[in-house]
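So you know, we letter chains A, B, ... as the sequences are listed, proteins then strands, and number each from 1.
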Number of protein chains: 2
Amino acid sequence: MARLSSADRRVALVQAALRVIDRDGVHAATTRAIVAEADMPLASFHYAFRSRDELIRQVIASVVEGEKAAAVDSLVPGADLQSTVRAGLQAYFDLVVASPSHEQAMFELFHYSLRTGDLADLPQAQYESYHATVREVLEVGARLTGMRWATPVDDVARLVVVFTDGITLAWLADRDADAAGRTMDLAASAITALAVPDRKENP
Amino acid sequence: MARLSSADRRVALVQAALRVIDRDGVHAATTRAIVAEADMPLASFHYAFRSRDELIRQVIASVVEGEKAAAVDSLVPGADLQSTVRAGLQAYFDLVVASPSHEQAMFELFHYSLRTGDLADLPQAQYESYHATVREVLEVGARLTGMRWATPVDDVARLVVVFTDGITLAWLADRDADAAGRTMDLAASAITALAVPDRKENP
DNA sequence: GTCTATAAGGAGATAGAC
DNA sequence: GTCTATCTCCTTATAGAC
């Protein structure tokens with residue numbers, strides 16, 4: 001194997017850290033566990049990162065980007081806005097069920113940041129990114145189904161994230177996919193109720 | 001100070017642990033930090049509890065009880081169901097704002113349990129307790145305002161917990177109380193939409 | 001540049017003195 | 001019964017050999 005550049009080493013460590021966190025949780029992501037996962041000697045860690053928290057910061061930036069890509073993929077236009085929203089929620093939920101520990105890891109990273117002085121700026125940025133991403137999806141979804149949001153789209157986006165977080169937590173606790181489905185039905189209705197037909201569509 | 005019985009010692013340690021967790025997070029709640037908070041020698045810890053996780057189990061049982069009491073207190077009947085629900089959400093949210101790190105601690109304990117084999121049974125019990133408590137409040141709230149739930153009350157209760165969890169997480173991230181208020185407005189509407197006038201009230 | 005070896009400190013749990 | 005002193009293991013970080 002060729003020697004890695006410093007930048008490549010950082011990327012490899014971030015990916016290894018994410019694998020460890022997904023598998024065993026944030027508290028298990030020690031420098032030793034991470035370098036073992038990346039198959040590197042321990043000293044390489046502090047050659048690439050100043051501290052463990054500097055790596056965690058990169059990990060969070062990386063996963064937030066990943067969520068953004070996943071959200072955009074979730075837009076599968078349906079017959080009307082309600083079925084589009086319901087399908088989007090289901091697409092997200094399917095990801096959660098496929099890798100529950102990844103979603104757990106997202107929450108753990110969030111709470112770890114809240115408690116860590118050096119990372120205290122991350123939670124706000126994380127949720128701003130979520131809200132901005134969902135807002136874009138909402139705008140496209142409404143346009144594709146001839147609707148517009150009667151409530152400020154910022155507030156609708158926040159509501160959607162509230163739903164996805166809450167639905168995820170409840171399912172992580174009881175693994176009741178049927179109940180989660182019923183909550184998503186209610187959520188899709190509540191979200192769709194905030195839109196009205198777009199008059200500009202048929203002038 | 002008189003010597004404490006074994007049972008009293010357990011209670012004192014659980015309360016001390018909760019104070020440490022609220023203040024500094026679950027990861028900071030080491031046996032040493034807990035006995036220091038309780039002003040006891042280190043060895044007392046393993047005299048009262050077999051392991052740290054056995055204490056954490058007690059802490060979770062204790063805080064879940066606390067949430068139950070708080071939820072019942074949140075029932076302040078208003079003019080109609082919607083304002084009653086809105087006031088209940090606000091009462092909960094006021095508690096979050098008053099002690100954010102306590103609500104953070106609840107989430108941390110939840111995620112810690114999910115990752116810890118010995119405690120893996122707790123998250124489900126924790127959410128069952130939440131759902132049961134909210135269900136009772138919902139039933140009383142509907143009755144007091146002459147309404148009944150047209151959707152199974154179990155599903156409504158789950159939706160309410162989804163809202164409170166999601167609203168709390170978003171506020172912990174951006175501390176935007178105005179945005180949280182607008183989400184609570186939307187939530188109160190969505191919840192109230194699931195109830196209908198109770199025909200039996202005026203036979 | 002890279003890695004072995006080690007420093008320095010914190011963790012849970014317990015042996016054994018009183 | 002109670003607590004001091006300690007055991008053993010694991011952590012982040014770095015010094016210094018190659």
For atom NE2 of His27(B) and atom C1' of dT11(D), their distance in whole Å: 13 Å
Starting the side chain at C-beta, find the nucleotide from dC3(C), dT2(D), dT2(C) nearest to Arg9(B). dT2(D)
Does one side chain, of Tyr130(B) or Thr164(B), offer a donor that lies under 3.5 Å from an acceptor on the other? no
Between P of dG16(D) and OH of Tyr47(A), the distance in whole Å: 19 Å
Measure from CG on Asp39(A) to P on dC3(C) and round the result to the nearest Å. 10 Å
So how far is it from Arg135(A) CZ to Thr133(A) OG1, rounded to the nearest 0.5 Å? 9.0 Å
Rounded to the Å, how far apart are Arg52(A) CZ and dA13(D) C1'? 13 Å
Measuring to OP1 and OP2 of dG12(C), would you say a side-chain N or O of Ser51(B) lies under 4.0 angstrom away? no
Does the dG10(C) base have a donor-acceptor partner in the side chain of Arg32(B) within less than 3.5 Å? no
Quick one: sort the Phe93(A) and Trp171(A) rings into parallel, tilted or perpendicular, breaks at 30° and 60°. perpendicular
Atom-pair distance (CG on Leu55(A); P on dA13(D)), nearest Å: 11 Å
Pairwise side-chain contact, His102(A) with Met106(A), heavy-atom cut-off 4.5 Å (strictly under): yes
Spacing between Leu13(B) atom CG and dA13(C) atom C1', to the nearest angstrom: 15 Å
Please pick, from dT11(D), dA15(D), dG12(C), the nucleotide with the shortest atom-to-atom distance to any side-chain atom of Thr30(A). dT11(D)
Measure the distance from CG on Asp24(B) to P on dG10(C) and round it to the nearest whole Å. 15 Å
Integer-rounded Å distance: dG10(C) C1' and Leu42(B) CG: 12 Å
The side-chain hydrogen bond (donor to acceptor under 3.5 Å, both in side chains) partner of Asp174(B) among Arg158(A), His131(A), Gln126(A) is Arg158(A)
Does the side chain of Ser44(B) get closer than 4.0 angstrom to OP1 or OP2 of dC3(D) through an N or O atom? yes
The nucleotide from dA11(C), dT11(D), dA13(C) with an atom nearest the side chain of His46(B) is dA13(C)
